[in-house]
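One structure is given here, and the rest of the page talks about it.
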Amino acid sequence: MTAYPSLEQALKYYFGYDNFRPGQREIIEGAMQNRDLLVVMPTGGGKSICFQLPALMKPGLMVVVSPLIALMQDQVEGLRKNGIAATFLNSSLNQYQTRIREQAILRGKLKLLYVAPERLLSERFLPFLDLVQHQVGISAFAIDEAHCVSEWGHDFRPEYRQLQLLRSRFGDVPVFALTATATDRVRSDIITQLGLRQPSIHIASFNRQNLYYEVRHKNRAAYKEILELIQENEGAGIIYCLTRKQVEEIAFKLQHDKISALPYHAGLSDEERTQNQTKFIRDDVRVMVATIAFGMGINKPDVRFIIHYSLPRNLESYYQESGRAGRDGEPSRCTMFFNYGDIKTIEWSLNQKTDEQEQLIAKQQLRQMVDYAEGTVCRRTIQLGYFGERFPGNCGNCDNCRHPRPLEDWTIEAMKFLSCVARCKERFGMSHIIDVLRGSKNRKVMQYKHNELSTYGIGKDKTADEWRNLGRSLLHQGFLAQTDDGYSVLKLNSLSWEVMRKQRQVSLAIPVKSEITTLQRNTKAIAADILVYRLRKLRKQLADEQSVPPYVIFADSTLKLMSQLQPQTRDELGKISGVGSNKLSQYGDQFLAEIRAYRQEQDSSPSLGTIRQGDNFPSITELLTLQLYQQGLSITEIATQRNLRPTTIVRHLCDLIEKNQSVDINKLVSKNKQQKILQVLESLGDISLTPLKEHLGDSYSFDEIRLVRGRWRYKNRK
Ligand code: ADP
Ligand code: ZN
């Protein structure tokens, strides 16, 4: 049947991958036996190859139904880069272009055709398909995003329903249905709606091992944490916000802080939105700050972090939205910020819903979302449990598994809190109870004479936030109830009384300040980073020349492997995962040349050889600056080459000096001035720059003072 002795060899030849991902092989075997298929895999699981490889190995044309035009173009672009004969037909083409493509299909020149469902089912197109079937044969219909046939899915499209017609018109042609939707209901809907015949069903685990999940408390410092997250991690990311206003605000702040960021929301013109999206996909901008309108049709595999600045609507949405990180299987980070204020806002908006059933469901979903956010067990156990998948926990890749939060006994405080609810006659909400506990003198407290209660002021030793944390936890653990009439009046239940009678203990997970985990790296890893940086630059340059997204040239993981293995010959390069035969011949020499140039520079310039080890290790960006500086480039030259501001370069040099790297500053500051600056530092100590400059006079620049201060600081620390 095939010219390749094994499926693995075909995979390597066309796509450059060495191994199948879990499930792919079995699915492809089923496809080769002309069976109908139902493939359920999470985003990034690798669904595409499940029909693309069979398309290449079977005779005839595979017709791929895909709902989004933008996605279609990306996929076809990616396939062509692998030398695969694929095309699409959609409304973006004129008649002439369409006819040429149709003719190529009828001459058997193409293996894969992407179409939108409305075109596929049009009266003009179906007869054309008959002709294709007659002349070259149709190897299968692959229905991507198959959950669109189901009203129970999150993205129902009526035109998908009509796809049944394919079954009756092309009875023998196998149908492959593919989706990332996790619920049972949608799955069985797909089978019936598309009329699948005893399909071979493959349901992959929804565990995305490469994603790190964490929840952080959202307080005033949240923006600073976001900024740190972006600065400490590399690569592209998305920040999801609830409102346009929030989007604008955060995008603006990030831009101000020199992060390459753009907004995306429904208030922008279509043109602006498309532009911003394209910039993101092409790596021209690093961070998208967006409402959830962004991301649906985006197939960018190398998104490295997803931050939710507000609580998602439900766990399924959270799973899908955060799942846009790390499709390429590389480590990526999903961070959610959460506070009680957010719940209040959402609860309020839910109370505006008029349909009672809808409101009930939405509230239940919100509750599950809060469960997740507050949960102290493995985040994966909660997420996967939601989809009916059992996960034993201890994943080692979520905040709760890596930094278990200490449980504290808060029984006494719980007793105080609950009895205060009782004294206030179960007629008030949480804020009021906390006011009474903390002895507030506000009007409401006075008006009801709650300053005369025995529980007044007995909780001054805890902050309002701490009491709130307890109150929420009591609600959450069922030790307290709350009316859902929009007023959230606190009510006692039988468990509350058990707590007050000391028959039950109350433990509370204490929030710990989340720390940003930066990877400890050694010199060798840093050196590899520098090569990756150069290979990325080459990739970006090639991508711009051909106006395609960088990832269709090589994946991040492939560049990393190149920098680790540093292949010298085409043969060696061809062995790397992600380098298929076509890409090898198209780009191989350029990448080999870059690797060679890098190695030569390493041999002749001592820069990386002299990186000194220590706890205070320079960052990658500092090291890039160092490398160029040691090659003899001036500050302005480095700034231009690196697309940074000269002051940033100076700051890098100062930090490098403070981190004990050898930076020769004699070129930048005369010996004489150095001495003067040192004298002033000795007598005044480590004060800020402005008073230092006042002492030294106008002939000294801030940069000069900064550089010498760096050296002085390092010496003093020793
Ligand atoms: P899905 O459609 O399920 O979201 P894709 O088919 O887009 O996933 O695949 C996600 C990423 O994984 C792509 O970058 C793809 O090239 C890569 N990939 C797929 N299969 C393999 C494999 N066997 N080995 C390595 N990478 C793979
Ligand atoms: Zn875990």
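Note that ligands are numbered from 1 as they come in the structure, with each ligand's atoms numbered from 1 the same way. For the single chain, residues carry numbers from 1 onward in sequence order.
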For atom 4 (O) of ligand 1, the closest protein heavy atom turns out to be Gly44 N, 2.6 Å
With the Zn ion (ligand 2) at the center, what angle do SG from Cys398 and SG from Cys378 span, rounded to 10 degrees? 120°
Quick check against the 3.5 Å criterion: does Ser547 have a side-chain atom that pairs as donor or acceptor with the backbone of Asp544? no
Does a salt bridge link Arg402 with Asp399, judged by any charged N lying under 4.0 Å from a carboxylate O? no
I'd like to know if Asp36 and Arg167 make a salt bridge, using a cut-off of under 4.0 Å between side-chain N and carboxylate O. yes
Taking 4.0 angstrom as the limit, do Arg304 and Asp302 come out as a salt bridge? no
Salt-bridge contact Glu225-Lys218 (side-chain N to carboxylate O under 4.0 Å): no
Determine, for Arg216 against Glu214, whether the closest basic-nitrogen to carboxylate-oxygen distance falls under 4.0 angstrom. yes
Contacting atoms of ligand 1, where contact means under 4.0 angstrom from a heavy atom of Ile49: 19 (C), 20 (N)
Polar atom proximity, Asp328 to ligand 1 (N or O, under 3.5 Å): no
Below the 3.5 angstrom mark, is there an N/O of Tyr17, backbone or side chain, next to an N/O of ligand 1? yes
Can a donor-acceptor pair be found, under 3.5 Å and without considering hydrogens, that links the side chain of Arg333 to the backbone of Leu211? no
Contact region, Pro42 to ligand 1, non-hydrogen atoms below 4.0 Å, reads backbone
Could you check atom 5 (P) of ligand 1 against the protein and tell me its nearest heavy-atom contact, residue, atom and distance included? Ser48 OG, 3.7 Å
Closest to atom 20 (N) of ligand 1 among protein heavy atoms sits Gln24 NE2, 3.0 Å
Which residue and non-hydrogen atom of the protein lie closest to atom 10 (C) of ligand 1, and at what distance in Å? Arg327 O, 3.6 Å
Consider every N or O of Phe20 and every N or O of ligand 1, then say whether any pair is closer than 3.5 Å. no
Quick one: CZ on Phe141 to CZ on Phe176, what's the gap to the nearest 0.5 Å? 11.5 Å
Basic-acidic side-chain contact under 4.0 Å: Asp283, Lys300: yes
Closer than 4.0 Å and a protein heavy atom, does any atom meet both conditions relative to atom 13 (C) of ligand 1? no
In terms of heavy-atom contacts, does CZ of Arg570 have more than 12 from other residues, nucleotides or ligands at under 6.0 Å? yes
Atom 8 (O) of ligand 1: closest protein heavy atom, distance to 0.1 Å, is Gly46 N, 3.3 Å
Ligand 1 to Asn19 polar contact by distance, N or O atoms, under 3.5 Å: yes
Under 3.5 Å, side chain of Gln24 to main-chain N/O of Arg21, donor-acceptor pair present? yes
Would you call Gly45 a ligand 1 contact, heavy-atom distance under 4.0 Å? yes
Looking at ligand 1, would Met41 count as a contact under a 4.0 Å heavy-atom criterion? no
Quick check: Pro301 and ligand 1, any N/O pair under 3.5 Å apart? no
Who's the nearest protein heavy-atom neighbour of atom 3 (O) of ligand 1, and how far? Lys47 NZ, 2.8 Å
Under 3.5 Å between any N/O of Arg21 and any N/O of ligand 1: does that happen in this structure? yes
